[in-house]
Every structure is written in structure tokens, then in C-alpha cells.
Amino acid sequence: MTERKSRRRFLAEGALALAGAAAASSAGAAPDAGTAPGPAAGSTTSGAPADAAGPHVTPDTFAQAEKLMRVSMSQDQRALAADSWDLNVGPFFARRDFPLGEEAPGMVWNPVLHGTGRMPRRNRLVRSTWTARKAPGDDELAFAPVHVLSRWVQARQVSSVRLTELALARLERYQPQLNCTITLVREQALAEAEAADREIAHGKYRGPLHGIPFGAKDLLDSAGVRTTWGAEPFRNRVPKEDATVIARLRAAGAVLVAKLSLGALALNDVWFGGRTNNPWFLEEGSGGSSAGSAASVSAGLVPFAIGSETFGSTVGPCTRCGLTGLRPTFGRVPRTGAMTLSWSHDKLSAMTRSVEDTALVLAAISGPDGKDLSTLPSRLDFDATRGVKGMRIGFVPAWLEKGEGRAAVSGAMQALEKAGARRVDLTFPALPWPALATLFVAEAAASFERLTLSGEDAQLRMQVRDAWPNVLRQARFISAVDYVQADRLRRAAARVWSEQLSGVDVLLAPSLVDGAPASALLDEPACTNSTGHPCLVVPAGFVTIDRIRSDWLPPPGGQHPPVSPPRKMPTSVSLIGHLWDEGTLCTVGLALERALGMADEHPPGFR
């Protein structure tokens, strides 16, 4: 498998595309295990007393720093810079002692360009036609989609207590194989399920999520239940309040049964308890970083889960585990109470076994909460009875040269054309797409500054070249100037995507390229994570692998272990849409789901 210029290789090489100068900082105080270094909870400052003028510098300091700044100074210029350091630069280091608490940066990314996006005129959620039938046994019930479970719950053919007990039992039973659960929420879940059954019995039905169990990626705060971020320094962290998304799901009547694993600090699939495994192939990780969310839904442990994506953390595990995932428009779903990796990139996602389910979950969690300054008012218009006839599907032939699931992408396009959609071929201009990674890496380093400066990053399980400890240290060598230049590039990328989407309704893309999520690769599909466009992942067939895939780089000069005999694994396609137009994404995704029949495929060994 040829290694492309993926996020993994990019980070491992340390070639931060717009890297600039570094200024040494004093080590800070260790963070309290119950608070966060980022705006999710706790302080982002180093906590160390620092001289207002910053570190002492000499002409030799600049001679070495020039290699990173990409400038060249004469000896006289270095002497002048050192002599005037306190005057011109020193004040910028004074902020070290100021408690930033939960403050987000003053610059807020707004993905909307003038005249772009397709905000629906109305809120509408039309569900698929339901033909009443008797509820099945537990084995079938475990893999039933939310939109079907909800009909049985509403008709009181299946109780919330039954579903909750089934989820808890399966989470416990399959934990040794999958390693996908960090904390079971048993007593509270059963109490909420009993309350749901009472309400429904008395005619108080809250909607399609009422009484449905779910799991949440363990970067979402849950009141009184530890939220660990998958990382050793925070494994005993217990928040006092629910994250907004958790609170909204509870208000919709959904029942939280488990906090699910994530790669430490939302990177890949290794947490303090080990690696989360792919239900389709236990020798392979489930992908990062919404690893536990993907594995648990795929194996029939919970009907749906909440994941997140900064760069590929929904697309990757959904593809590996054969799931549907909806990464919403940046700004649609509030991140309040969620661990911050990147203020301008983080998105919370619905991970399910069907497209209709993602729309049901998105409807429940959307809208501003008055706390996350990035969120904007939005509407969702989705009709599960609508077809795709007359829709224009963007297609980039050049991307087929990269994707390992070429047959799946081509088959998906043919299925849409057969359903009445029209293919529109597109060609993207060349831009320095990899430079956009500067943004989220720099923001991650700011969010977890205390962890880096205190040395507590040494507690993290993964200490390899593409793991956070190394990457966050490298990110301190990105200059403010280069961050701003990357942000300007992001606006140019947003303009390119606006132009590309202007003549189509959605764009069809591969989900995996050389084993890495296409949305995480540092090329055209990747930058939709920076621009904020929504993406729907839809299972679209199978691929054969002859080597274990991983979001972690192999050892230098080595490869990941071979698979003998080769293994058939699920793959997917990604649909990228207009800002705020998740309804159209789901319409096209539902047409694919019905045409390809992958929603009925489940990993063997979990019935």
C-alpha cells in the first residue's frame, strides 16, 4: 500500500506546512485531573509565573530560529533583534499568567460566504413509510435502526427498559473483544428508561428518540459521570453538567447507557485502556477517533452514538466499521461541554445504522445554545419519501485514481444515475491544501498547552512520531503570521468549494484513500473539514484488504502486518453538500442505502 501525503505522514514528519519561529516557554504547573487545559473545562494557560519580557534571547538564538522562520538575517540584524526583544516582543509573553478559563479565541470561523449555502426555508422531518409488524427477538432487535425501534417503542410493543437492558448487557458482553466502553451508565440509564416507559404509557411521547438507548464519545461531558477524553491525565475527571448535546438528547427522551472510547485527546483509536477493535476484523483498530462510537453501533451494542470530527474522526471509523455517519455543517451543533481540540474545526456527529437515523438525531441536537459562539440558527428539511430524480451529483474522476474503493464509488454513481440523478464531472484547481492542517494543529496545541508545558503529556499511552505529545510540541513552532496565512488560505478554499458546488446538489467522493479517511487527507476532500461543509458517509460495498489498516504510521521503514488470507471489509462513499443542506445529503444518501442494501450487512460473531 503506497503511503500518500496523508494527515498521518504529514504530522509524523513534523513538516508543518506553514511552520514558523518558536519562542521557548517556561514549564507550567500540572493541570488538575478534574479540569481541562482547553475551553471545554478548565484553564488554557501554562499556569507558570513568567517574566513579562519572555525568555532571554541572544543573537545566536535567532541564528537557530531562522531555520524555522524561513528568513535570513545578518549578524547585525540578529544583534538588533536581540537588543530590542523586550521592547517589541516581550509584552506578548505577559499573558502567560492570565487565567483564560473556558474562553474561546476572539476569531470565530464563519463558513458562510456571501450568497452561499442552502438554508432550507422550513423545518420539516418526514419519516419513511411504516408498515406495522410484530417486534422481533433480541438478536434482531439489537441491529434494528432507530427509525424502526422508535415505532415499536411508540406503539408500546417494545419498552425502553427492554432496549436499555439489552444495550447494557451487550456492552458488557462484548467489551473484552471490542474494548469500546470506558464507562457504563447502568443505574441512571435504567431509571431514565423506566421514566420513559411511564411517560409513553401516559400519552406523553416526546418523539422518535424517546426511550432509545445511545452511547456518547467520551469527550462529551455527562453530569456526575466521568468524562475522560480517553487520556491518562483526565481518567478521573467528573464534570458537574451535561454537554449541550447530551442535555438535548435527554430532553428528547433518549437514554445514555455508555461513555464510549476515543483515541486519547481525539486522535486515532488507542486510549488509556488500549486499542478499540473493529467488529468486522478484531485484529484491526476501528479507526480514529470516534472509535468506540463506531464499534458499538456496528456490533449492535447501541442503536446510535454521538461521535465527533476534526479531521476524519467520523468518516474513518464509519467506513472501517460499515456505518452511516453525518458530519454536520460547522456551526449547526453546539460543542458546549465537549473537549476542544480545534475551536474552528470540531463538529459533533450522528453515527448510526441508517441514513434516516442520522436526520432524526441531527434534528434533536441542532441550534445555538447561547454559549458556543460558533453556532448559528439553522433549519433541517428532510423527506424520507423523496427521490433523487433530476438531482445533479458532482463527480471528480481524478479522485478515483486515489481511492481504494474505486468500484464502490463507481457503483454508487451508477446507482444514483439509475434512480434518475445526473452526473456532473468536476475538476478542482491546485491549491496548497496540506497547509490547512496548520490551523487545527496550532489550535490543538493552544487547547492543550498546559499538558505540553507541564510534561504531563508523558503519561499518554502513545509516544510515537504521529501521536499528540510529539505533534503538539512541534506545533509550538508555528508562528502567528503563518497561522493567519493559513486562515486566509482557508477562505480561498471555501471559495473554491462554493464554486465547485454551485452547479450540483451534492458531490460524491471516496471515503478512504490508501487506508486513510479521505476527509482527513490533506487534499481537496480534506479541506471541507476546514471550510465547514457537511458530509454524509454511506456504506457502499466491500473491499479486500491484504494488510491491516491503521491510522498510526508503521515503524520507520516498516509496514503494517499482512492479512492472510485477504479479508473482505466494508467500505463507503462520502457525500459532501452545501452549507446547511443536510436534508439533501440525507435524501441522496437514503437513495444509495436503498439501492445498495448495505444497511442490512452486519459483522459476523455478534448475534
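Everything numeric here is computed off the predicted structure, so don't read it as measured data.
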Peer 1: Checking H147 now: which residues fulfil ring-ring contact (aromatic ring centres under 6.0 Å, His included) with it, not counting sequence neighbours?
Peer 2: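 Scan of H147 (ring-ring contact (aromatic ring centres under 6.0 Å, His included), adjacent residues dropped) gives none.
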Peer 1: So which pairs with a foot in residues 281-294 pass salt bridge (Lys or Arg N to Asp or Glu O under 4.0 Å), sequence neighbours left out?
Peer 2: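 Those involving residues 281-294 are E284-R549.
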Peer 1: Among residues at least two apart in sequence or on other chains, which ones pass salt bridge (Lys or Arg N to Asp or Glu O under 4.0 Å) with R423?
Peer 2: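 Scan of R423 (salt bridge (Lys or Arg N to Asp or Glu O under 4.0 Å), adjacent residues dropped) gives D425.
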Peer 1: If you apply the rule salt bridge (charged side-chain N to carboxylate O under 4.0 Å, His left out), what do you find for D551 with R320, and how did you get there?
Peer 2: CA-CA 11 Å; D551 284 342; R320 294 245 177 92; 3.4 Å; yes
Peer 1: Between S298 and W280, which heavy-atom pair has the shortest distance, and what is it?
Peer 2: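 The pair with the smallest heavy-atom distance is OG-NE1, 3.5 Å.
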Peer 1: Give me the ring orientation class for W130 and W152: parallel if the planes are under 30° apart, tilted from 30 to 60°, perpendicular past 60°.
Peer 2: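 Judged by the thresholds at 30° and 60°, the geometry between W130 and W152 is perpendicular.
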Peer 1: Once salt bridge (Lys or Arg N to Asp or Glu O under 4.0 Å) is applied, do any residues pair with D381, and if so which ones, sequence neighbours excluded?
Peer 2: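 Applying salt bridge (Lys or Arg N to Asp or Glu O under 4.0 Å) to D381 gives R122, R124.
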Peer 1: Testing the basics here: between A295 and N277, what is the closest heavy-atom pair and its distance to 0.1 Å?
Peer 2: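 Reported closest heavy-atom pair: CB-O, 3.6 Å.
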Peer 1: With a 4.0 Å cut-off, would you call R133 and E140 a salt bridge?
Peer 2: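 Looking at R133 and E140, the cut-off is met.
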Peer 1: Over all heavy atoms of both residues, which pair between L341 and D346 is shortest? Give the atoms and the distance, please.
Peer 2: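 Of all heavy-atom pairs spanning L341 and D346, the closest is N-OD2, 2.8 Å.
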Peer 1: Could you work out, with salt bridge (Lys or Arg N to Asp or Glu O under 4.0 Å) as the rule, every residue matching R250, not counting sequence neighbours?
Peer 2: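 R250: salt bridge (Lys or Arg N to Asp or Glu O under 4.0 Å) contacts with E192, D242.
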Peer 1: Is the number of heavy atoms from other residues, nucleotides or ligands under 6.0 Å of R156 CZ greater than 12?
Peer 2: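 No, the 6.0 Å shell around CZ holds no more than 12 heavy atoms from other groups.
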Peer 1: Which residues pass the side-chain hydrogen bond (donor to acceptor under 3.5 Å, both in side chains) test with R422, sequence neighbours left out?
Peer 2: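 Scan of R422 (side-chain hydrogen bond (donor to acceptor under 3.5 Å, both in side chains), adjacent residues dropped) gives none.
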Peer 1: Taking only Lys NZ, Arg NE, NH1 and NH2, and the carboxylate oxygens of Asp or Glu, determine whether D505 and R118 approach each other closer than 4.0 Å.
Peer 2: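 Salt bridge: yes.
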Peer 1: Hey, can you tell me if F440 and F311 have their rings parallel, tilted or perpendicular (30° and 60° cut-offs)?
Peer 2: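 The rings of F440 and F311 lie parallel, inter-plane angle below 30°.
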Peer 1: Any heavy-atom pair between the side chains of L362 and P328 that's under 4.5 Å?
Peer 2: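 They are in side-chain contact.
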Peer 1: Using the side-chain contact (heavy atoms from CB on, under 4.5 Å) rule, pick out the option among T181, T183, I306 that qualifies with L260.
Peer 2: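 Of T181, T183, I306, side-chain contact (heavy atoms from CB on, under 4.5 Å) with L260 is met by T181 alone.
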